2 protein chains.
Amino acid sequence: MTRILIVDDHPLVIEGVKSLLVDQEDIIVVGVATNAFDAMVFLKENQVDIAFLDINLPDISGIDLCKKIKEEFPDVKSIALSTFAERSYISRMVQNGAMGYLLKSSSKDEILDAISQVSQGGYYLNLNIKLPNQPEPHKPLPFLTRREKEVLILISDGFTNHQIAEKLFVSVLTVDSHRKNLLMKFEVNNTASLIKIAVQNDLI
Amino acid sequence: MTRILIVDDHPLVIEGVKSLLVDQEDIIVVGVATNAFDAMVFLKENQVDIAFLDINLPDISGIDLCKKIKEEFPDVKSIALSTFAERSYISRMVQNGAMGYLLKSSSKDEILDAISQVSQGGYYLNLNIKLPNQPEPHKPLPFLTRREKEVLILISDGFTNHQIAEKLFVSVLTVDSHRKNLLMKFEVNNTASLIKIAVQNDLI
DNA sequence: AAAATAATCCCCTAAAAAGGGGATATTAAT
DNA sequence: ATTAATATCCCCTTTTTAGGGGATTATTTT
(Lines give C-alpha, C1' and ligand atoms only; values in the text may rest on other atoms or scores of the structure.)
Protein backbone atom coordinates (compact mmCIF):
# COMPACT_ATOMS: atom_id res chain seq x y z
CA MET A 1 0.00 0.00 0.00
CA THR A 2 1.43 3.32 -1.05
CA ARG A 3 0.23 6.39 0.80
CA ILE A 4 0.25 9.59 -1.19
CA LEU A 5 0.20 13.25 -0.20
CA ILE A 6 -0.59 15.75 -2.91
CA VAL A 7 0.76 19.26 -2.50
CA ASP A 8 -0.52 21.66 -5.13
CA ASP A 9 -2.40 24.92 -5.00
CA HIS A 10 -4.47 24.03 -8.06
CA PRO A 11 -7.62 22.19 -7.04
CA LEU A 12 -7.92 20.97 -10.59
CA VAL A 13 -4.60 19.21 -10.41
CA ILE A 14 -5.39 17.74 -7.01
CA GLU A 15 -8.67 16.39 -8.34
CA GLY A 16 -6.92 15.14 -11.43
CA VAL A 17 -4.35 13.14 -9.53
CA LYS A 18 -6.94 11.82 -7.11
CA SER A 19 -9.26 10.75 -9.85
CA LEU A 20 -6.47 9.01 -11.73
CA LEU A 21 -5.50 7.08 -8.62
CA VAL A 22 -8.88 6.30 -7.14
CA ASP A 23 -9.22 2.95 -8.88
CA GLN A 24 -5.76 1.77 -7.87
CA GLU A 25 -6.04 -0.74 -5.09
CA ASP A 26 -2.53 -0.44 -3.76
CA ILE A 27 -2.41 3.35 -3.82
CA ILE A 28 -4.28 5.66 -1.54
CA VAL A 29 -4.29 9.42 -1.41
CA VAL A 30 -4.13 10.07 2.30
CA GLY A 31 -3.98 13.83 2.16
CA VAL A 32 -3.81 16.99 0.14
CA ALA A 33 -2.27 20.35 0.91
CA THR A 34 -2.42 23.58 -1.00
CA ASN A 35 0.70 25.07 0.51
CA ALA A 36 4.01 24.03 1.94
CA PHE A 37 3.14 24.82 5.52
CA ASP A 38 0.07 22.60 5.54
CA ALA A 39 2.09 19.90 3.88
CA MET A 40 4.68 19.91 6.64
CA VAL A 41 1.98 19.83 9.31
CA PHE A 42 0.33 16.89 7.61
CA LEU A 43 3.60 15.01 7.34
CA LYS A 44 4.23 15.48 11.04
CA GLU A 45 0.95 13.84 11.91
CA ASN A 46 0.59 11.18 9.24
CA GLN A 47 2.48 8.38 7.60
CA VAL A 48 3.16 9.18 3.97
CA ASP A 49 5.19 7.24 1.43
CA ILE A 50 5.21 9.59 -1.52
CA ALA A 51 4.59 13.32 -1.74
CA PHE A 52 3.62 14.88 -5.04
CA LEU A 53 5.00 18.39 -4.99
CA ASP A 54 4.00 21.21 -7.28
CA ILE A 55 6.87 23.52 -8.16
CA ASN A 56 4.93 26.70 -7.58
CA LEU A 57 3.37 26.96 -4.19
CA PRO A 58 2.00 30.10 -2.59
CA ASP A 59 4.34 30.17 0.39
CA ILE A 60 7.69 28.58 -0.42
CA SER A 61 8.70 26.94 -3.65
CA GLY A 62 8.35 23.23 -4.20
CA ILE A 63 12.10 23.17 -4.51
CA ASP A 64 12.62 24.38 -0.98
CA LEU A 65 9.79 22.24 0.31
CA CYS A 66 11.45 19.22 -1.23
CA LYS A 67 14.61 19.98 0.68
CA LYS A 68 12.74 20.48 3.95
CA ILE A 69 10.92 17.19 3.55
CA LYS A 70 14.15 15.38 2.82
CA GLU A 71 15.68 16.81 5.97
CA GLU A 72 12.80 16.29 8.36
CA PHE A 73 11.15 13.21 6.91
CA PRO A 74 13.88 11.27 5.10
CA ASP A 75 11.54 8.33 4.55
CA VAL A 76 9.10 10.35 2.49
CA LYS A 77 9.90 10.25 -1.21
CA SER A 78 9.11 13.30 -3.27
CA ILE A 79 7.89 13.42 -6.83
CA ALA A 80 7.97 16.85 -8.43
CA LEU A 81 5.02 17.93 -10.53
CA SER A 82 5.59 20.69 -13.02
CA THR A 83 4.28 22.16 -16.20
CA PHE A 84 6.37 22.06 -19.30
CA ALA A 85 7.19 25.72 -18.84
CA GLU A 86 8.80 24.92 -15.52
CA ARG A 87 10.91 22.06 -16.80
CA SER A 88 14.07 24.01 -16.08
CA TYR A 89 13.68 23.19 -12.42
CA ILE A 90 14.23 19.48 -12.89
CA SER A 91 17.84 19.52 -11.88
CA ARG A 92 17.23 21.65 -8.84
CA MET A 93 14.44 19.42 -7.62
CA VAL A 94 16.58 16.35 -8.01
CA GLN A 95 19.45 18.08 -6.24
CA ASN A 96 17.09 18.75 -3.38
CA GLY A 97 16.14 15.16 -3.02
CA ALA A 98 13.26 14.54 -5.37
CA MET A 99 13.09 10.93 -6.49
CA GLY A 100 10.77 11.57 -9.40
CA TYR A 101 9.81 14.23 -11.84
CA LEU A 102 6.50 14.33 -13.67
CA LEU A 103 5.18 16.84 -16.13
CA LYS A 104 1.57 17.76 -15.55
CA SER A 105 1.00 16.63 -19.08
CA SER A 106 1.89 13.08 -18.10
CA SER A 107 -0.45 10.24 -18.84
CA LYS A 108 -2.01 8.04 -16.22
CA ASP A 109 0.42 5.25 -17.03
CA GLU A 110 3.37 7.51 -16.58
CA ILE A 111 2.09 8.63 -13.23
CA LEU A 112 1.54 5.06 -12.10
CA ASP A 113 4.97 4.16 -13.37
CA ALA A 114 6.48 6.97 -11.41
CA ILE A 115 4.77 5.88 -8.22
CA SER A 116 5.82 2.32 -8.72
CA GLN A 117 9.42 3.17 -9.50
CA VAL A 118 9.80 5.61 -6.67
CA SER A 119 8.08 3.49 -4.05
CA GLN A 120 10.56 0.74 -4.87
CA GLY A 121 13.38 3.12 -4.13
CA GLY A 122 14.13 4.04 -7.71
CA TYR A 123 14.18 7.25 -9.67
CA TYR A 124 11.59 8.30 -12.21
CA LEU A 125 12.20 11.16 -14.59
CA ASN A 126 9.55 11.94 -17.15
CA LEU A 127 11.37 13.79 -19.86
CA ASN A 128 9.31 13.01 -22.95
CA ILE A 129 9.55 16.59 -23.97
CA LYS A 130 7.71 17.51 -27.11
CA LEU A 131 9.97 20.45 -27.91
CA PRO A 132 7.38 23.04 -28.87
CA ASN A 133 9.90 25.84 -28.75
CA GLN A 134 13.37 25.29 -27.46
CA PRO A 135 15.24 22.17 -28.44
CA GLU A 136 18.20 23.47 -26.45
CA PRO A 137 19.64 21.02 -23.94
CA HIS A 138 19.03 23.75 -21.40
CA LYS A 139 22.07 24.61 -19.38
CA PRO A 140 21.72 24.41 -15.63
CA LEU A 141 21.19 27.80 -14.11
CA PRO A 142 24.22 29.27 -12.40
CA PHE A 143 24.13 29.78 -8.69
CA LEU A 144 23.56 33.42 -7.83
CA THR A 145 24.38 35.12 -4.58
CA ARG A 146 21.80 37.18 -2.74
CA ARG A 147 23.34 40.39 -3.91
CA GLU A 148 23.54 39.24 -7.49
CA LYS A 149 19.85 38.38 -7.48
CA GLU A 150 19.04 41.82 -6.15
CA VAL A 151 21.13 43.49 -8.81
CA LEU A 152 19.68 41.28 -11.52
CA ILE A 153 16.14 42.24 -10.61
CA LEU A 154 17.00 45.92 -10.48
CA ILE A 155 18.63 45.67 -13.89
CA SER A 156 15.52 44.02 -15.25
CA ASP A 157 13.48 46.86 -13.78
CA GLY A 158 15.37 49.19 -16.05
CA PHE A 159 17.64 50.85 -13.53
CA THR A 160 21.15 51.89 -14.50
CA ASN A 161 24.16 50.94 -12.44
CA HIS A 162 24.15 54.40 -10.98
CA GLN A 163 20.55 54.12 -9.84
CA ILE A 164 21.08 50.63 -8.48
CA ALA A 165 24.10 51.81 -6.53
CA GLU A 166 21.97 54.51 -4.92
CA LYS A 167 19.25 52.06 -4.02
CA LEU A 168 21.64 49.59 -2.46
CA PHE A 169 23.82 52.27 -0.83
CA VAL A 170 26.96 50.98 -2.49
CA SER A 171 29.38 52.29 -5.07
CA VAL A 172 28.62 52.16 -8.77
CA LEU A 173 31.79 50.13 -9.06
CA THR A 174 30.32 47.46 -6.86
CA VAL A 175 27.19 47.24 -8.92
CA ASP A 176 29.36 47.09 -11.98
CA SER A 177 31.24 44.15 -10.51
CA HIS A 178 28.06 42.27 -9.73
CA ARG A 179 26.84 42.97 -13.21
CA LYS A 180 30.00 41.62 -14.77
CA ASN A 181 29.75 38.54 -12.60
CA LEU A 182 26.20 38.01 -13.75
CA LEU A 183 27.27 38.16 -17.37
CA MET A 184 30.07 35.74 -16.63
CA LYS A 185 27.91 33.29 -14.71
CA PHE A 186 25.23 33.22 -17.38
CA GLU A 187 27.88 33.08 -20.10
CA VAL A 188 26.46 35.99 -22.04
CA ASN A 189 27.93 39.28 -23.08
CA ASN A 190 25.21 41.80 -22.83
CA THR A 191 22.16 42.83 -20.90
CA ALA A 192 19.67 41.68 -23.51
CA SER A 193 20.79 38.05 -23.32
CA LEU A 194 21.02 38.22 -19.56
CA ILE A 195 17.47 39.47 -19.06
CA LYS A 196 16.08 37.07 -21.61
CA ILE A 197 17.48 34.07 -19.77
CA ALA A 198 16.50 35.48 -16.41
CA VAL A 199 12.90 36.08 -17.38
CA GLN A 200 12.59 32.76 -19.14
CA ASN A 201 13.74 31.04 -15.99
CA ASP A 202 11.52 33.00 -13.67
CA LEU A 203 14.37 34.75 -11.94
CA ILE A 204 12.81 37.95 -13.19
CA MET B 1 -28.29 20.86 -19.42
CA THR B 2 -24.92 22.33 -20.24
CA ARG B 3 -22.65 20.32 -22.50
CA ILE B 4 -18.96 20.84 -21.92
CA LEU B 5 -15.90 20.19 -24.05
CA ILE B 6 -12.54 20.27 -22.31
CA VAL B 7 -9.50 21.12 -24.41
CA ASP B 8 -6.26 20.71 -22.54
CA ASP B 9 -3.14 18.70 -23.10
CA HIS B 10 -2.76 17.94 -19.43
CA PRO B 11 -4.64 14.76 -18.52
CA LEU B 12 -4.48 15.84 -14.91
CA VAL B 13 -6.38 19.01 -15.63
CA ILE B 14 -8.94 17.16 -17.75
CA GLU B 15 -9.49 14.70 -14.95
CA GLY B 16 -9.68 17.51 -12.47
CA VAL B 17 -12.39 19.36 -14.33
CA LYS B 18 -14.30 16.18 -15.01
CA SER B 19 -14.16 15.07 -11.43
CA LEU B 20 -15.31 18.47 -10.20
CA LEU B 21 -18.28 18.38 -12.54
CA VAL B 22 -19.28 14.74 -12.30
CA ASP B 23 -21.78 15.29 -9.50
CA GLN B 24 -23.48 18.23 -11.18
CA GLU B 25 -26.79 17.15 -12.59
CA ASP B 26 -27.21 19.91 -15.12
CA ILE B 27 -23.66 19.77 -16.45
CA ILE B 28 -22.20 17.03 -18.57
CA VAL B 29 -18.73 16.71 -20.01
CA VAL B 30 -19.45 15.47 -23.50
CA GLY B 31 -15.90 15.40 -24.77
CA VAL B 32 -12.25 16.07 -24.22
CA ALA B 33 -9.49 16.99 -26.64
CA THR B 34 -5.79 17.31 -26.08
CA ASN B 35 -5.16 19.56 -29.03
CA ALA B 36 -6.86 22.19 -31.11
CA PHE B 37 -7.35 20.01 -34.16
CA ASP B 38 -9.22 17.32 -32.26
CA ALA B 39 -11.27 20.00 -30.60
CA MET B 40 -12.43 21.40 -33.93
CA VAL B 41 -13.27 17.93 -35.21
CA PHE B 42 -15.29 17.23 -32.10
CA LEU B 43 -17.18 20.51 -32.39
CA LYS B 44 -18.10 19.70 -35.99
CA GLU B 45 -19.70 16.46 -34.97
CA ASN B 46 -21.21 17.27 -31.59
CA GLN B 47 -23.36 19.82 -29.86
CA VAL B 48 -21.37 21.71 -27.28
CA ASP B 49 -22.41 24.63 -25.13
CA ILE B 50 -19.18 25.58 -23.43
CA ALA B 51 -15.59 24.82 -24.35
CA PHE B 52 -12.89 25.00 -21.71
CA LEU B 53 -9.72 26.03 -23.49
CA ASP B 54 -6.22 25.73 -22.16
CA ILE B 55 -3.94 28.54 -23.26
CA ASN B 56 -1.06 26.31 -24.19
CA LEU B 57 -1.90 23.60 -26.65
CA PRO B 58 0.54 21.53 -28.64
CA ASP B 59 -0.61 22.63 -32.08
CA ILE B 60 -2.03 26.14 -32.03
CA SER B 61 -2.47 28.37 -29.04
CA GLY B 62 -5.71 28.50 -27.12
CA ILE B 63 -5.93 32.11 -28.18
CA ASP B 64 -6.11 31.22 -31.84
CA LEU B 65 -8.37 28.27 -31.16
CA CYS B 66 -10.76 30.59 -29.37
CA LYS B 67 -10.94 32.79 -32.44
CA LYS B 68 -11.51 29.82 -34.74
CA ILE B 69 -14.31 28.49 -32.58
CA LYS B 70 -15.95 31.89 -32.46
CA GLU B 71 -15.84 32.06 -36.25
CA GLU B 72 -16.97 28.56 -37.07
CA PHE B 73 -19.21 27.78 -34.13
CA PRO B 74 -20.56 31.09 -32.88
CA ASP B 75 -22.95 29.35 -30.49
CA VAL B 76 -20.17 27.69 -28.56
CA LYS B 77 -19.00 29.78 -25.64
CA SER B 78 -15.36 29.58 -24.66
CA ILE B 79 -13.91 29.74 -21.19
CA ALA B 80 -10.16 30.13 -21.06
CA LEU B 81 -8.19 28.08 -18.57
CA SER B 82 -4.78 29.31 -17.62
CA THR B 83 -2.20 29.16 -14.93
CA PHE B 84 -1.34 32.23 -12.99
CA ALA B 85 1.88 32.56 -14.94
CA GLU B 86 -0.12 32.90 -18.13
CA ARG B 87 -2.49 35.54 -16.81
CA SER B 88 -1.11 38.08 -19.25
CA TYR B 89 -3.18 36.44 -21.98
CA ILE B 90 -6.50 37.36 -20.45
CA SER B 91 -7.07 40.37 -22.63
CA ARG B 92 -6.15 38.54 -25.80
CA MET B 93 -8.46 35.66 -25.04
CA VAL B 94 -11.32 38.01 -24.37
CA GLN B 95 -10.56 39.92 -27.55
CA ASN B 96 -10.78 36.64 -29.39
CA GLY B 97 -14.22 35.88 -28.10
CA ALA B 98 -13.74 34.10 -24.80
CA MET B 99 -16.70 34.61 -22.49
CA GLY B 100 -14.92 33.47 -19.37
CA TYR B 101 -11.50 33.26 -17.88
CA LEU B 102 -10.52 30.85 -15.13
CA LEU B 103 -7.24 30.33 -13.43
CA LYS B 104 -6.33 26.70 -12.94
CA SER B 105 -6.09 27.52 -9.26
CA SER B 106 -9.81 28.26 -9.18
CA SER B 107 -12.04 26.54 -6.67
CA LYS B 108 -14.92 24.30 -7.57
CA ASP B 109 -17.40 27.05 -6.78
CA GLU B 110 -15.64 29.47 -9.04
CA ILE B 111 -15.70 26.98 -11.87
CA LEU B 112 -19.40 26.31 -11.37
CA ASP B 113 -20.02 30.04 -11.20
CA ALA B 114 -18.19 30.52 -14.45
CA ILE B 115 -20.23 27.84 -16.19
CA SER B 116 -23.45 29.27 -14.86
CA GLN B 117 -22.62 32.83 -15.81
CA VAL B 118 -21.37 31.99 -19.25
CA SER B 119 -24.16 29.58 -20.13
CA GLN B 120 -26.60 32.37 -19.35
CA GLY B 121 -24.85 34.55 -21.85
CA GLY B 122 -22.78 36.50 -19.38
CA TYR B 123 -19.11 37.01 -18.85
CA TYR B 124 -17.04 35.46 -16.10
CA LEU B 125 -13.57 36.68 -15.30
CA ASN B 126 -11.75 35.09 -12.42
CA LEU B 127 -9.21 37.64 -11.40
CA ASN B 128 -8.78 36.94 -7.73
CA ILE B 129 -5.12 37.36 -8.20
CA LYS B 130 -3.05 36.98 -5.10
CA LEU B 131 -0.43 39.37 -6.40
CA PRO B 132 2.69 37.36 -5.74
CA ASN B 133 4.59 39.48 -8.21
CA GLN B 134 3.06 42.07 -10.46
CA PRO B 135 -0.03 44.01 -9.48
CA GLU B 136 0.38 46.06 -12.68
CA PRO B 137 -2.79 46.59 -14.69
CA HIS B 138 -0.98 45.26 -17.73
CA LYS B 139 -0.66 47.77 -20.50
CA PRO B 140 -1.77 46.70 -23.94
CA LEU B 141 1.15 45.67 -26.08
CA PRO B 142 2.22 48.19 -28.72
CA PHE B 143 1.84 47.28 -32.35
CA LEU B 144 5.17 46.32 -33.86
CA THR B 145 6.07 46.33 -37.52
CA ARG B 146 7.60 43.28 -39.15
CA ARG B 147 11.02 44.84 -39.10
CA GLU B 148 10.76 45.88 -35.50
CA LYS B 149 9.88 42.34 -34.47
CA GLU B 150 12.92 41.06 -36.34
CA VAL B 151 15.18 43.56 -34.65
CA LEU B 152 13.65 42.86 -31.26
CA ILE B 153 14.33 39.16 -31.55
CA LEU B 154 17.88 39.74 -32.68
CA ILE B 155 18.45 42.09 -29.76
CA SER B 156 17.13 39.45 -27.40
CA ASP B 157 19.52 36.97 -28.96
CA GLY B 158 22.33 39.16 -27.76
CA PHE B 159 23.40 40.71 -31.05
CA THR B 160 24.67 44.27 -31.16
CA ASN B 161 23.29 46.84 -33.58
CA HIS B 162 26.33 46.27 -35.75
CA GLN B 163 25.73 42.52 -35.94
CA ILE B 164 22.03 42.98 -36.56
CA ALA B 165 22.76 45.43 -39.36
CA GLU B 166 24.98 42.83 -41.02
CA LYS B 167 22.35 40.15 -40.70
CA LEU B 168 19.61 42.31 -42.16
CA PHE B 169 21.85 43.92 -44.81
CA VAL B 170 21.03 47.41 -43.64
CA SER B 171 22.95 50.24 -42.02
CA VAL B 172 23.69 50.31 -38.32
CA LEU B 173 21.82 53.58 -38.29
CA THR B 174 18.68 51.85 -39.44
CA VAL B 175 18.91 49.26 -36.73
CA ASP B 176 19.53 52.04 -34.29
CA SER B 177 16.34 53.74 -35.43
CA HIS B 178 14.29 50.60 -35.04
CA ARG B 179 15.75 50.13 -31.64
CA LYS B 180 14.84 53.62 -30.57
CA ASN B 181 11.34 53.11 -31.88
CA LEU B 182 11.06 49.91 -29.88
CA LEU B 183 12.06 51.74 -26.72
CA MET B 184 9.54 54.44 -27.51
CA LYS B 185 6.70 52.06 -28.29
CA PHE B 186 7.21 50.06 -25.14
CA GLU B 187 7.73 53.24 -23.13
CA VAL B 188 10.99 52.10 -21.62
CA ASN B 189 14.44 53.56 -21.73
CA ASN B 190 16.83 50.71 -21.94
CA THR B 191 17.34 47.24 -23.29
CA ALA B 192 16.81 45.47 -20.00
CA SER B 193 13.25 46.72 -19.62
CA LEU B 194 12.55 46.11 -23.27
CA ILE B 195 13.62 42.48 -23.20
CA LYS B 196 11.87 41.83 -19.93
CA ILE B 197 8.53 42.96 -21.32
CA ALA B 198 9.11 41.20 -24.61
CA VAL B 199 9.90 37.85 -22.99
CA GLN B 200 7.07 38.15 -20.49
CA ASN B 201 4.68 38.66 -23.36
CA ASP B 202 6.04 35.89 -25.50
CA LEU B 203 7.35 38.18 -28.18
CA ILE B 204 10.74 36.73 -27.39
C1' DA C 1 42.63 28.66 12.51
C1' DA C 2 42.66 28.38 7.68
C1' DA C 3 40.37 28.52 3.47
C1' DA C 4 36.81 29.60 0.58
C1' DT C 5 33.21 32.73 -0.69
C1' DA C 6 30.81 37.04 -0.92
C1' DA C 7 30.69 41.78 -1.03
C1' DT C 8 32.91 45.76 -1.50
C1' DC C 9 35.85 49.16 -4.03
C1' DC C 10 39.43 50.74 -7.65
C1' DC C 11 41.93 51.52 -12.39
C1' DC C 12 41.80 51.71 -17.45
C1' DT C 13 39.87 51.64 -22.35
C1' DA C 14 36.70 50.77 -25.93
C1' DA C 15 32.26 49.64 -27.46
C1' DA C 16 27.57 50.12 -27.35
C1' DA C 17 23.35 52.28 -26.39
C1' DA C 18 20.41 56.23 -25.44
C1' DG C 19 18.62 60.81 -26.39
C1' DG C 20 18.01 64.50 -29.45
C1' DG C 21 17.49 66.20 -33.80
C1' DG C 22 16.67 65.24 -38.88
C1' DA C 23 15.70 63.49 -44.21
C1' DT C 24 14.12 60.51 -48.10
C1' DA C 25 12.44 56.80 -50.86
C1' DT C 26 8.91 53.02 -50.90
C1' DT C 27 4.75 50.95 -49.91
C1' DA C 28 0.02 50.67 -48.40
C1' DA C 29 -4.30 52.68 -47.49
C1' DT C 30 -8.00 56.12 -48.32
C1' DA D 1 -3.87 61.52 -56.06
C1' DT D 2 -2.93 62.43 -51.43
C1' DT D 3 -2.04 60.80 -47.11
C1' DA D 4 -0.13 57.79 -43.81
C1' DA D 5 2.96 54.38 -42.49
C1' DT D 6 7.24 51.92 -43.00
C1' DA D 7 11.87 51.36 -43.76
C1' DT D 8 15.83 53.37 -44.74
C1' DC D 9 19.77 56.55 -43.78
C1' DC D 10 22.31 60.67 -41.47
C1' DC D 11 24.16 64.09 -37.78
C1' DC D 12 25.35 65.11 -33.01
C1' DT D 13 26.40 64.36 -27.77
C1' DT D 14 26.29 61.99 -23.49
C1' DT D 15 25.53 58.09 -20.80
C1' DT D 16 25.94 53.48 -19.96
C1' DT D 17 28.01 48.93 -20.61
C1' DA D 18 31.48 45.72 -21.52
C1' DG D 19 36.10 43.88 -21.17
C1' DG D 20 40.44 43.64 -18.96
C1' DG D 21 42.94 43.94 -14.98
C1' DG D 22 43.19 44.33 -9.54
C1' DA D 23 42.58 44.66 -4.17
C1' DT D 24 40.46 44.69 0.52
C1' DT D 25 37.18 43.53 4.08
C1' DA D 26 33.52 40.61 5.97
C1' DT D 27 31.30 36.35 6.35
C1' DT D 28 30.85 31.43 6.03
C1' DT D 29 32.40 26.97 5.79
C1' DT D 30 35.63 23.40 6.63
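In what follows, chains carry the letters A, B, and so on, assigned in the order in which the sequence lines appear, proteins first and then strands, with residues in each chain numbered from 1. Just so it is clear, the structure is predicted and the values come from calculations on it, not from any experiment.
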Do NZ/NE/NH1/NH2 and the carboxylate oxygens of [X] and [Y] come within less than 4.0 Å?
{"X": "A/Lys18", "Y": "B/Glu15", "answer": "no"}
{"X": "A/Glu71", "Y": "A/Lys68", "answer": "no"}
{"X": "A/Asp176", "Y": "A/Lys180", "answer": "yes"}

Exercise. Measure the distance from CD1 on A/Ile155 to C1' on D/dA18 and round it to the nearest whole Å.
Key: 12 Å

Quiz item: Between atom CG in A/Leu182 and atom P in D/dA18, what is the gap in whole Å?
Solution: 10 Å

Quiz prompt | Verdict with supporting geometry, B/Thr191 and B/Arg179, side-chain hydrogen bond (donor to acceptor under 3.5 Å, both in side chains) | solution = CA-CA 9 Å; B/Thr191 304; B/Arg179 191 170 191 139; 2.9 Å; yes

Practice problem: Please report the closest heavy-atom contact between A/Asp49 and A/Met1, naming both atoms and the distance. | Solution: OD2-O, 3.5 Å

Quiz item: Are A/Ser193 and A/Asn190 linked by a side-chain donor-acceptor pair shorter than 3.5 Å?
Solution: yes

Exercise. Can you check each nucleotide of nucleotides 5-24 of chain C against protein heavy atoms at under 4.0 Å and return B for base, S for sugar-phosphate only, - for none, in 5' to 3' order?
Key: -SSBBB-----SSSBB----

Quiz item: So what is the end-to-end bend of the helix from C/dA1-D/dT30 to C/dT30-D/dA1, with 5 pairs used at each end and the value given to 10 degrees?
Solution: 70°

Quiz item: What's the spacing between B/Ile111 CD1 and B/Ile79 CD1 if we round to 0.5 Å?
Solution: 9.5 Å

Self-check item: Side-chain (B/Glu45) to main-chain (B/Phe42) donor-acceptor, under 3.5 angstrom
Solution: no

